[in-house]
Amino acid sequence: MVSISSSSKSSIIMKVVVMVAVVLVATEVDGQSCNTHLSGLNVCGEFVVPGADTTNPSAECCNALEAVPSDCICNTFRIASRLPTRCNIPTLSCN
């Protein structure tokens, strides 16, 4: 079994929380909600957890990602990047 330090656990948890937030945040693009498109990314969940770096995403995941309009993804990332500050937690530093 792999031992994970407390700071690594916190980092992993924060990344998972942000990913969940990214999937759940609804923004508007051309009058259409991004929520439907983003919820389709649930099939990608197993590919964004620690240890998944060596696993290629499924065709289903890739198709779901391709179906999300780029404006929707960009707006969602902008919103998600502001969450730590709004939650009064340290900002993320992704290396």
Side-chain angles (χ1 to χ4, degrees):
M1 181 174 220
V2 176
S3 175
I4 301 175
S5 71
S6 177
S7 63
S8 291
K9 285 180 187 177
S10 296
S11 176
I12 290 168
I13 290 169
M14 191 61 211
K15 288 174 185 173
V16 171
V17 167
V18 169
M19 184 58 190
V20 169
V22 166
V23 172
L24 296 177
V25 171
T27 59
E28 296 290 325
V29 174
D30 298 329
Q32 185 180 62
S33 173
C34 289
N35 195 36
T36 302
H37 292 292
L38 294 173
S39 66
L41 295 176
N42 287 333
V43 298
C44 298
E46 66 185 277
F47 305 104
V48 296
V49 294
D53 292 339
T54 59
T55 306
N56 289 327
S58 65
E60 186 179 23
C61 172
C62 293
N63 290 336
L65 181 60
E66 187 175 34
V68 180
S70 59
D71 286 348
C72 181
I73 292 174
C74 292
N75 288 334
T76 303
F77 281 137
R78 278 192 281 280
I79 291 166
S81 70
R82 293 185 295 218
L83 285 176
T85 301
R86 291 182 177 183
C87 293
N88 294 317
I89 59 175
T91 57
L92 297 175
S93 175
C94 301
N95 297 325

Can you name the side-chain contact (heavy atoms from CB on, under 4.5 Å) partners of Val43, sequence neighbours left out?
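Only Glu60, Cys61, Ala64 meet the side-chain contact (heavy atoms from CB on, under 4.5 Å) criterion with Val43.
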
Note: Ala67 and His37 closest approach over all heavy atoms is O-ND1, 3.3 Å

SG/Cys74 to CD1/Ile79 distance, rounded to the nearest 0.5 angstrom?
11.5 Å

Between Ile73 and Thr76, does a side chain to side chain contact (heavy atoms under 4.5 Å, CB included) hold up when you go through it step by step?
CA-CA 5 Å; Ile73 292 174; Thr76 303; 5.8 Å; no

By side chain to side chain donor-acceptor pair (under 3.5 Å) - contacts of Arg82 (at least two apart):
none

